[in-house]
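Note that the numbering runs from 1 along the sequence shown for the chain. Given the structure is predicted, the values throughout are model-derived calculations rather than measurements.
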Amino acid sequence: FPSHDTSLAVCVCARIAALSLIQTLLEIVKLKKYYVEDYRNPPTWENYTSGQRKLNYHAAFLKPLFDDWKKQGKTSPVITEVGCAFGMFLRWVNQIFPAASVSGVELTESFRRVARSLYGYVFTHEFDTSKKYDLIASYKVAEHQTNPDQELRKYALALKDDGIVTGK
């Protein structure tokens, strides 16, 4: 700045920061709208087939954890999935632990409607921080989040003392 008045520099800097914040918030709103409305078409048989294949990986990866839970007598774990699509993973968890409390976060409206229709699940747009979770699953979601570090911190704070975050 050509002026030696530092209050002017602070004022300009504050305005630029405020404009930057407003622009960032507008971009986040636009991005969420995109994921809700336009990101992907309603699920097809291809989504179901690839989801079935992914369940084999989940089964292999989570088997030791689920076996431990069964040995401990844990019958109703609290589990959520961020980016849960139309709920195949959570449905699979409910087949292993029928009394599990499962929830999901999914932005794409068509996938949320299919989850409600197929499994009776009502998914939310936002992560529920009021619960404490045994397992938070999130697969191929971080690259779509505007602040993945803040999201991971939110998940870590929502875990039970022996809870686990799993993802890819």
Side-chain angles (χ1 to χ4, degrees), residues 28-29 31-168:
I28 290 171
V29 168
L31 186 62
K32 280 192 173 183
K33 184 178 185 310
Y34 166 74
Y35 282 122
V36 169
E37 298 173 0
D38 301 321
Y39 173 58
R40 52 187 170 187
N41 294 322
T44 66
W45 66 271
E46 291 172 329
N47 298 107
Y48 185 80
T49 302
S50 66
Q52 285 296 122
R53 190 174 57 248
K54 290 175 190 172
L55 288 178
N56 293 326
Y57 298 114
H58 295 306
F61 180 73
L62 292 171
K63 183 178 182 346
L65 175 66
F66 287 180
D67 286 347
D68 283 347
W69 285 356
K70 288 176 183 177
K71 285 178 191 169
Q72 296 168 17
K74 188 179 287 196
T75 58
S76 53
V78 180
I79 299 171
T80 194
E81 183 180 16
V82 179
C84 59
F86 57 97
M88 286 185 74
F89 170 76
L90 295 169
R91 178 68 176 159
W92 172 75
V93 167
N94 267 146
Q95 290 170 341
I96 297 167
F97 294 99
S101 170
V102 299
S103 60
V105 179
E106 177 57 49
L107 294 180
T108 306
E109 187 60 37
S110 63
F111 276 60
R112 291 163 40 110
R113 283 195 304 267
V114 169
R116 192 172 346 173
S117 176
L118 280 180
Y119 308 124
Y121 292 146
V122 178
F123 296 141
T124 62
H125 284 105
E126 299 291 331
F127 181 78
D128 184 355
T129 58
S130 70
K131 295 181 183 178
K132 288 293 186 180
Y133 299 95
D134 293 294
L135 176 66
I136 299 171
S138 180
Y139 298 93
K140 297 189 175 192
V141 172
E143 68 270 21
H144 301 284
Q145 295 172 326
T146 52
N147 297 303
D149 56 328
Q150 292 173 14
E151 293 298 317
L152 282 172
R153 180 166 177 69
K154 190 185 325 180
Y155 305 158
L157 293 172
L159 289 173
K160 293 181 180 179
D161 288 341
D162 62 346
I164 293 173
V165 174
T166 182
K168 177 180 176 185

| request: Please lay out, stage by stage, how Ile136 and Ile164 fare under the test side chain to side chain contact (heavy atoms under 4.5 Å, CB included). | output: CA-CA 6 Å; Ile136 299 171; Ile164 293 173; over 6 Å; no

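- Under a 3.5 Å cut-off, the side chain of Asp134 and the backbone N or O of Val78 do form a donor-acceptor pair.
- Taking every heavy atom of both residues into account, Val93 and Val102 meet most closely at CG1-CG1, 4.1 Å.
- Counting only heavy atoms from C-beta outward, the side chains of Phe123 and Leu90 approach each other to under 4.5 Å.
- Counting heavy atoms from C-beta on, the side chains of Lys160 and Lys131 never come closer than 4.5 Å.
- Contact of the Thr108 side chain with the Phe86 side chain is not registered, since no non-hydrogen atoms from C-beta on lie closer than 4.5 Å.
- Looking only at side-chain heavy atoms (C-beta outward), Val105 and Glu126 stay at 4.5 Å or farther from each other.
- Counting all heavy atoms, side chain and backbone alike, Ser76 lies closest to Ala99 at CB-O, 3.2 Å.
- At a threshold of 4.0 Å, the pair Asp128-Lys154 does not count as salt-bridged, since none of the basic side-chain nitrogens sits closer than that to a carboxylate oxygen.
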| task | Take Lys63 and Asp68 through the test salt bridge (Lys or Arg N to Asp or Glu O under 4.0 Å) and record every step on the way to the result. | result | CA-CA 8 Å; Lys63 183 178 182 346; Asp68 283 347; over 6 Å; no

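- One finds the OG1 atom of Thr49 at 11.5 Å from the NZ atom of Lys54 (value rounded to the nearest 0.5 Å).
- Note: Asp67 CG to Gln72 CD = 11.0 Å, rounded to the nearest 0.5 Å.
- Nearest heavy-atom pair across Pro77 and Lys74 is CB-CD, 4.0 Å.
- Using a 4.5 Å heavy-atom cutoff, the side chains of Trp69 and Ile96 are not in contact.
- Proximity of Arg112 to His125: side-chain heavy atoms (C-beta onward) are separated by under 4.5 Å at one or more points.
- For Phe127 and Tyr133, the ring centers are positioned less than 6.0 Å apart.
- Proximity of the aromatic rings of Trp92 and Phe66 is defined here by a centroid distance below 6.0 angstrom, and this criterion is met.
- Crowding of Arg116 atom CZ: a count of heavy atoms from other residues, nucleotides or ligands under 6.0 Å exceeding 12.
- Using modelled atom types, one side-chain atom of Ser50 and one backbone atom of Glu46 make a donor-acceptor pair closer than 3.5 Å.
- Side-chain contact between Thr75 and Lys70 is absent, with no heavy atoms from C-beta onward closer than 4.5 Å.
- For the atom pair OG (Ser101) and CG (Asn94), the distance works out to 9.0 Å, reported to the nearest 0.5 Å.
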| field | From CA spacing to verdict: side chain to side chain contact (heavy atoms under 4.5 Å, CB included), Phe111, Asn47 | value | CA-CA 10 Å; Phe111 276 60; Asn47 298 107; 4.2 Å; yes

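- Cys84 SG to Arg91 CZ: the interatomic distance, rounded to the nearest 0.5 Å, is 14.5 Å.
- One distance of note links CG of Asn56 with CZ of Phe61; it measures 15.0 Å at 0.5 Å rounding.
- Here the straight-line distance linking atom CG of Leu135 with atom OG1 of Thr166 works out to 6.5 Å at 0.5 Å rounding.
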